[in-house]
K.L.:
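Have a look at this one.
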Amino acid sequence: MPKVEGKKEKPQGRWSSRSVGRPWQHRFFYLLIRFGGRRAAYFFLYFVVGYYILCRPDQRRKAHFYLRRRFPDVTPGELLVHDFRMFLSLGRVLIDRAAVGILGPQAVTFTITGKEELLALVAEHKGLILMTAHVGCWQGAMSALAFLHLPVALLMQREEGDIDRHFFEHGGIASPYRIIDPRGFLGGSLEMLEVLKRGEVLSMMGDRFQGSDRNVTTVKFLGGNIRLPFAAYKLASVTGAPIGVLVSAKTGPDAYRIFLAGVIRVPPGLGREKEAFSLYAARFAQILEDYVQEYPYQFFNFYDLWEAEIG
Amino acid sequence: MSTKEKIKKILVEELNLEDITPEEIMDDAPLFGDGLGLDSLDAVELVVLVQKHFGVEIKDMDEGRPALQSVDSLAAFIEAKSRL
């Protein structure tokens with residue numbers, strides 16, 4: 001629930017979901033995928049990544065905030081290799097996502113582990129908060145939730161001018177999930193509450209926040225302090241809904257693993273103080289930390305999570 | 001205790017509003033924004049508190065948007081629902 005309508009607070013504008021590419025560059029890749037297949041797009045991706053490595057130090061710097069934490073003793077030469085692998089990984093995920101929409105779901109295989117646990121959580125009839133993060137192909141994870149046989153709502157803000165397409169937009173089909181805009185009335189909080197009260201699925205990103213510092217709590221991540229939103233934990237406390245942390249990772253040329261990385265249960269009556277939710281945000285941060293140990297090049301937050309002013 | 005008084009008491013005691021007493025809350029002051037300074041997370045809590053204390057459910061956005069404007073509007077909503 002990033003939007004806050006209340007006290008004047010420090011605005012937050014450190015990250016952007018907007019793609020760095022130009023519209024024609026995106027269209028070029030979409031055409032490549034359509035007429036040459038995914039592998040042709042992969043081939044051209046090497047040139048694009050090479051360009052970013054050699055000619056866009058500004059973009060490389062954005063990756064270094066994370067990479068220097070993940071690989072603390074890295075040399076400049078090694079950092080260059082990490083940059084390359086990171087950008088290549090991101091590019092492949094974006095191509096795969098587009099391929100699912102353009103070529104059909106058979107373009108990529110999603111293997112889900114934790115289905116039984118997720119079905120058990122849904123069977124509690126308290127709604128289910130699926131928390132994910134900007135890792136792997138999170139939209140792929142969203143596309144693979146049909147087995148839950150429940151409507152899925154996704155809290156998502158799309159920035160104006162963003163040219164990046166979601167997988168379903170390539171295929172010209174309706175969104176498989178209802179999108180709740182955090183810029184709506186009361187940050188979409190009532191819509192989210194409504195979803196959970198109906199026993200449905202609400203998906204939220206747990207690794208970024210927008211708008212206000214008031215609804216975030218500080219936790220440790222990769223040796224430093226970062227701020228994470230606690231709206232999901234508040235909702236869970238109020239509704240009794242369990243939180244399933246669902247992440248995805250690319251595990252092969254056309255294969256993804258989607259897995260339930262943890263279940264977070266938040267007791268009722270935690271009040272409105274952010275400190276009450278730190279424990280649960282810390283659990284999520286630990287899950288992310290475990291994830292990046294296994295998949296170091298699939299963590300796609302290209303901004304300084306560890307801002308100097310965080311105490 | 002009137003519905004408005006009860007709402008004000010809930011706002012102060014259960015949403016932990018600081019530096020204000022129930023008596024100081026104006027009936028027509030906006031609950032969110034520049035009024036009482038509640039935020040979107042407080043809205044979630046408030047919806048649950050209304051159900052808990054008054055047995056009235058704010059089912060969706062259509063009900064929530066007009067009801068959650070001020071103490072006046074919330075009291076009117078609760079009283080109307082209670083009469084049903």
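Quick note: numbers below take in every heavy atom, side chains included, and nothing from hydrogens, waters or symmetry partners. In the text below, chain A, chain B and the rest are named by the order of the sequence lines, each starting its count at 1.
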K.L.:
Taking the side chain as every heavy atom from C-beta outward, state whether B:E57 and A:K197 have any pair of such atoms under 4.5 Å apart.
P.N.:
yes
K.L.:
Quick one: are B:M61 and A:E194 in side-chain contact, heavy atoms under 4.5 Å?
P.N.:
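Yes; the side chains approach each other to less than 4.5 Å.
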K.L.:
Between A:L190 and B:L68, is any pair of side-chain heavy atoms under 4.5 Å apart?
P.N.:
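Result yes, sub-4.5 Å side-chain heavy-atom pair found.
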K.L.:
Donor-acceptor check, side chain of A:S189 to backbone of B:L41, threshold 3.5 angstrom: yes or no?
P.N.:
no
K.L.:
Which of the residues B:D42, B:V48, B:V47 is involved in the greatest number of heavy-atom pairs with chain A at under 4.5 angstrom?
P.N.:
B:D42
K.L.:
Checking heavy atoms, do the side chain of B:E63, its backbone, both or neither come under 4.5 Å from chain A?
P.N.:
neither
K.L.:
Can you tell me how far apart CG (A:L235) and CD (B:E45) are? Round to the nearest 0.5 Å.
P.N.:
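It comes to 10.5 Å.
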K.L.:
Can you tell me if NZ on B:K81 sees more than 12 non-hydrogen neighbours from other groups inside 6.0 Å?
P.N.:
yes
K.L.:
Could you measure the distance from the NZ atom of A:K234 to the OG atom of B:S40? Nearest 0.5 Å is fine.
P.N.:
10.0 Å
